[in-house]
Structures are given as C-alpha cells and as structure tokens.
Amino acid sequence: MNISISNQDPNSVTADLLAIAVSAESLDAAIASIDAAFDGTLATTLAADTFKPKAGATATYPSFGRIGAKRLMFVGLGDADASSILQAAGAVGKAARAFGSNSVALDMGGLNATQTQIAVEGFIAGNYKFDKYKSGDDKKAPVSALNLLGGANADGLAIGKAVAEAQSLARDLVNEPGEAIYPETLAQVAKSLENDQLSVEIWDETKIQAEGMGGIMGVGRGSARQPRFIHMKYTPKGTPSRKIALVGKGVTFDAGGYSLKPSAGMQTMRCDMAGSAAVIGAMRAIRDLAPNVEVHGIIGAAENMVSGNAYKLGDILTMYSGKQVEIHNTDAEGRLVLADCLHYASQLGVDTIVDLATLTGAAVVALGDHYVAMFTKDEDLAKDLSTSAKAAGERIWPMPLPDDYKSMLKAEWGDIKNVGGRAGGSITAALFLSEFVTGAAWCHLDIAGPAFLDKGHKHFAPGGTGSMVPTLARWITA
Ligand code: BES
Ligand code: MN
Ligand code: ZN
C-alpha cells in the first residue's frame, strides 16, 4: 500500500472513497465543510440516519459526482484516544476492502506522530482480509493508495507502516493452512527476513535431537513434518541498551496427539503457531525500525499429531534443561515446546524474556477472546508491557503466579507433570514454564483468545489478528 500525506481539499480530492473522521464536537463543522457540494442535504441525511460518531461507526453515501471522490464516508472518532483512532481508521480500511476501493483519502484532522502511526496501523489492519484461496466475487483487492488529508506526521507514517506490515505477515502465517505452514516452511519464512543486522539459524530434527531438546522432539516426532528450532537475532549498530529474547510457540497444527482433540476443537488449530507468528512479525518490525536493542527471536516449531512414532501418555521426556517431564496429556504440548526454548533463551545473557503462546483454553475461559493473559512477577515489566499495549490499542490483563499452585504439577515418576488440573489451567501452565527460566526477568503472554477470532471483531476480519505485534514493536523501540 502506498501511503502519502497531502493537504488537498476534501471537496476536490479524487479517490474511490473519501472518509472524514468526526467526533461529537467536530461533526457539524465537518458536515458544513462539504455540504455546499450537496446543496445542504448531507446534514439532514446524516441526522435522519441518526449517525452517532462513536469510535468506528460509519455512514457512507455515493457522491453522485458532486465532489472529487466517488463515495463519501463519515467515521466516528469517539474520544480520539489511541484505541478510538485505531478503530476509526480500521473501520475505514475494512469498508474500503468491502467496496473494493483502490484509492482512499482519509481526513482525521491533525495527527501527531503517534496518532499517525496508530491510524496507519488501523487502516492496514482493517483493510486486511485473507482471501488468497477464494475465487470470484468474494475476492476484493486491497487498497493500493491511501492519501492522508488534514495533517499527519511522516515519521509516524513510516513506523506505522512497518508495524502494520509485520502484523499482516503474522496474520498471513496464522491464516495459512497447516499444509502450507509447517515447521520447515515456518523456518523458511523466518530465514527470508535475514539482512546484515538480522541473522537466522535453523536446527533440523537431527540437530534438535542431538542437542537434547526432548520437549520439541517429543511433541514433533509423531508428524511426517519434522520439527524445527529457529533462532533469529537482531544486532543493533551501536552498543545495545537492552537485551531481549522473544520466545514463540510454533505448533503449526495441534491435533492434540493421543489425547486427541474433538473435531470442533481441532478445526482452527492451525492457529497454534500464533505465538511464533508474533515473534516473526515483531522481528520483522524490529529489523525495519532498527532500535538500539539486541533482540532474539526463539521459536520451537512442531506439529502435534498421532502416529506410531508419536509420544504417549506416561512417557517421560528429558528436556533441554535436563528436567524429566511426566506426560499426562499429549494435548498440553505447547509448554513442552516452550520449555526447551525458554531454557535456550536463558543461556543467551539477555535481561528480559517474553514468551507468546496460544497455550491454554483456560486463558480464554478466564478473560474471553479479547484479552491477552499476562503472567509475570516483575512489576516493571508488567507496567511497561501494559503501557505499550494501551498505546497500541491492544488489551492485556495481569494474572497471578502463586508458588503454592506448583503442587498441582507434582509428579509420581519424573520431576514434574505436564498438566495440573482443570482448575487454574492457564496458571499451572505458566508455572510449568517458570521452571525453565533462569537469570532473566520473564513474562508469559497467553494469546489463546485474541490470536485467532472465528468471527472477527471490530475492524479485524475473521482469522489471525497478529496479536501483540503492535505492542511488542512499541515496547522494544520505546
Ligand atoms: N493449543 C491449545 C490451547 C488453545 C485452545 C489455543 C483454544 C487456542 C484456542 C493447547 O495446546 C491445549 O490443547 N491446551 C489444553 C491444555 C490441557 C490439556 C491441560 C487446553 O487448554 O485444553
Ligand atoms: Mn494442545
Ligand atoms: Zn497447542
């Protein structure tokens, strides 16, 4: 998408769609500024349609050739905070995709750098639709030219575009079927992002086995698509001010293994690599934004399948850290894959580790589809991530990590069980992970709810959302 900033007059600008963002205060003036072309009929039409400028609400009219644009849209700006700007721009992007608009002029009033950034992110996210495998009338092209009217910031534009394109990459990876994205191809996508500051190392199943990553191997060995371990590293030009590792769950399909999922629960389990997609997306954004931070992207990629070679209930896996894990449910596979990645990340000398995973259905039960569950004992880290999420218009919520709940993971034969019980399922999963982190501040983000939306939400089309890419990009470049 080509995005430009101009001060063209909304009355004469040529575009398939002209969208004017309005708040309760600016609505009347916005209508007045363009209503001469419509002989004053817009004001009465909007009033009759009882348009209220709440964030993301839209009213669209054909222009009948009275202005330069073919269609005229008013979009509500709510109280014009970060999430309202995101939603408003997102609604315009979404509508433009539905109309098949090629060119859009968007007037959101004067936008500063951070407002421009989030407007661009919202527009691109709203305009996104995964229709690669559709044919015929269902398929509409994305917008190719966006013209920001009314004042916007060029730096904010460039940052927003980098973040949004990284988020779209994450969404593509999640939306692609398991037949297209499996451990080997996921690793190839990571590899394709390499440049002089971003290096990517890939371990195949032989190397994973030889290194003793029994968690990744145990989960992945039952599939014809063998596992991969991926280490991406961004090295800044100067001395880094911080060192961070992002760790992603990359289960490219989760059938549950011998603790087989029912069909309905398995239908969308290609989304189980959304944590790794967020890491790949964030690494791409970091590469493009070039902050003075050392950033590692660590991914355990595996397919959790049933076969004569799959891991079994009662098996005891020797993990990369040396811990012996007793398997009570092969569907609690994400934590096994992550455990090896977290132990690896703990050896890198980083200050902070953040992992992202579609880890538990229990996190969705607790917080619903639209909150990321955040587990950390580090209050500063919790605050920083929350601040970045708020600025990005994403929602995260703190969860507890009580040490005494670890008793639920007590094993009979090995060192630790891979499941607790039904109660507090997202918490015992996080406590399991905590056993594999040493020497760094750590935060676990369970993105099982927001990473994939069956029906879509607000400006997000159904499917992958690229959850946490905008938050991570802000947190790392802050
Ligand atoms: N990938 C699932 C979690 C999940 C569920 C993600 C729904 C997205 C939407 C994970 O591997 C899993 O199966 N977790 C089990 C854990 C249980 C066996 C302890 C779960 O949540 O039921
Ligand atoms: Mn599972
Ligand atoms: Zn899973």
Side-chain angles (χ1 to χ4, degrees), residues 174-175 178 181-183 186 215-216 218-220 222-223 227 247-278 299-306 310-313 315 317 325-341 355-373 375 399 405 408-409 411 416-433 444-455 457 462-465 467-468:
V174 171
N175 287 326
I181 291 294
Y182 46 90
L186 187 69
I216 297 177
V219 171
S223 173
V247 172
K249 170 178 174 181
V251 174
T252 56
F253 188 72
D254 182 12
Y258 276 98
S259 308
L260 195 64
K261 286 185 184 297
S263 279
M266 206 189 291
Q267 185 61 44
T268 59
M269 275 302 135
R270 68 179 189 282
C271 80
D272 215 16
M273 35 58 71
S276 68
I299 291 164
E303 249 184 13
N304 190 23
M305 304 288 274
V306 176
Y311 77 138
K312 297 171 284 294
L313 299 159
D315 279 358
L317 302 180
V325 179
E326 190 176 299
I327 303 303
H328 284 243
N329 191 320
T330 60
D331 198 14
E333 84 298 338
R335 62 198 73 184
L336 302 169
V337 168
L338 284 174
D340 285 349
C341 295
D355 78 69
L356 301 106
T358 46
L359 201 64
T360 64
V364 191
V365 173
L367 297 177
D369 279 334
H370 307 297
Y371 278 89
V372 171
F375 299 83
M399 299 283 282
Y405 279 31
M408 290 192 255
L409 296 168
I416 186 171
K417 290 199 296 187
N418 78 324
V419 286
R422 243 174 64 79
S426 69
I427 300 171
T428 48
L431 287 168
F432 179 92
L433 298 180
H444 159 58
L445 299 173
D446 194 331
I447 60 172
F452 189 96
L453 301 171
D454 289 319
K455 298 201 173 83
H457 184 60
T465 59
S467 175
M468 291 291 104

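FYI, the numbering just counts along the sequence from 1. Order of listing sets the numbers, starting from 1, for every ligand and every atom in it. When reading the values below, keep in mind they use all heavy atoms of this one structure, side chains included, and skip hydrogens, waters and symmetry mates.
- Within the 4.0 Å heavy-atom criterion, neither part of Met273 lies near ligand 1.
- At a threshold of 2.8 Å, the Mn ion (ligand 2) has no backbone or side-chain N, O or S atom of Asp272 nearer than that distance.
- Neither the backbone nor the side chain of Asn304 comes within contact range of ligand 1; no heavy atom lies under 4.0 Å.
- Proximity to Thr358 (heavy-atom distance under 4.0 Å) selects the following atoms of ligand 1: 1 (N), 2 (C), 3 (C), 6 (C).
- Distances between N or O atoms of Lys261 and those of ligand 1 include at least one value under 3.5 Å.
- Put simply, the side chain of Thr428 does not reach to within 4.5 Å of the side chain of Val419, judged on heavy atoms.
- Closest approach of Ala429 and Leu359 over heavy atoms only: CB-CD2, 3.6 Å.
- Of all the N, O or S atoms in Glu333, the one closest to the Mn ion (ligand 2) is OE1.
- Residue-to-ligand polar distances place Gly361 within reach of ligand 1: an N/O pair is separated by less than 3.5 Å.
- For Gly178 against Glu303, the heavy-atom pair with the smallest separation is O-OE2, 4.2 Å.
- The distance from ligand 1 to the heavy atoms of Val419 drops below 4.0 Å at these ligand atoms: 19 (C).
- When distances to the Zn ion (ligand 3) are checked against a cut-off of 2.8 Å, Glu333 contributes an N, O or S atom below that limit.
- For Asp254, the N/O/S atom at the shortest distance from the Zn ion (ligand 3) is named OD2.
- Side-chain contact between Glu333 and Val251: present, with at least one pair of heavy atoms (C-beta onward) separated by less than 4.5 Å.
- Here the closest heavy-atom approach between residue Lys249 and residue Ala357 is recorded as CB-CB, 3.6 Å.
- Between Lys249 and ligand 1, an N or O atom pair is found at a separation short of 3.5 Å.
- When side chains are defined from C-beta on, Leu367 does not count as touching Asp446, because their heavy atoms never get closer than 4.5 Å.
- Nearest non-hydrogen protein atom to atom 10 (C) of ligand 1 is Leu359 O, 3.3 Å.
- Counting heavy atoms closer than 4.0 Å to ligand 1, residue Asp272 contributes side-chain atoms (C-beta onward) but none from N, CA, C or O.
- Scanning the protein heavy atoms around atom 12 (C) of ligand 1, the nearest turns out to be Asp331 O, 3.2 Å.
- Ranking protein heavy atoms by distance to atom 7 (C) of ligand 1, first place goes to Met269 CE, 3.7 Å.
- Computed with the Mn ion (ligand 2) at the centre, the Asp331 O to Asp254 OD2 angle is 170°, stated to 10 degrees.
- At least one N or O atom of Glu333, backbone or side chain, sits closer than 3.5 Å to an N or O atom of ligand 1.
- Ligand 1 places these atoms under 4.0 Å from at least one heavy atom of Ala448: 6 (C), 8 (C).
- Rounded to 10 degrees, the OD2-metal-NZ angle spanning Asp272 and Lys249 at the Zn ion (ligand 3) equals 90°.
- Between Thr358 and Ala451, the closest heavy-atom pair is CG2-CB, 3.9 Å.
- Protein heavy atom at the shortest distance from atom 2 (C) of ligand 1 is Asp254 OD2, 3.6 Å.
- Rounded to the nearest 0.5 Å, atoms CG (Leu317) and CD1 (Ile216) are 11.5 Å apart.
- Contact annotation: the side chain of Asp272 never approaches that of Phe452 to less than 4.5 Å [non-hydrogen atoms, C-beta and beyond].
- Within the 4.0 Å cut-off (strictly below), no protein heavy atom is located near atom 22 (O) of ligand 1.
- Side chains of Leu260 and Met266 form a contact here, defined as non-hydrogen atoms less than 4.5 Å apart.
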For side-chain contact (heavy atoms from CB on, under 4.5 Å), just list the numbers for Thr252 and Arg270, CA-CA rounded to whole Å, side-chain angles, deciding distance to a tenth of an Å, and then say yes or no.
CA-CA 6 Å; Thr252 56; Arg270 68 179 189 282; over 6 Å; no

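- Inter-residue side-chain proximity for Ser259 and Leu313 is flagged as met; some heavy-atom pair is nearer than 4.5 Å.
- Each of the atoms 18 (C) of ligand 1 lies under 4.0 Å from some heavy atom of Asn329.
- Among all heavy-atom pairs drawn from Ser467 and Ala278, the shortest one is O-CB, 3.7 Å.
- Put simply, no part of Met266 is less than 4.0 Å from ligand 1, judged by heavy atoms.
- In this structure, atom 16 (C) of ligand 1 lies nearest to the protein heavy atom Arg335 NH2, 3.9 Å.
- Residues His444 and Ala430 come closest through the heavy atom pair CD2-CB, 3.6 Å.
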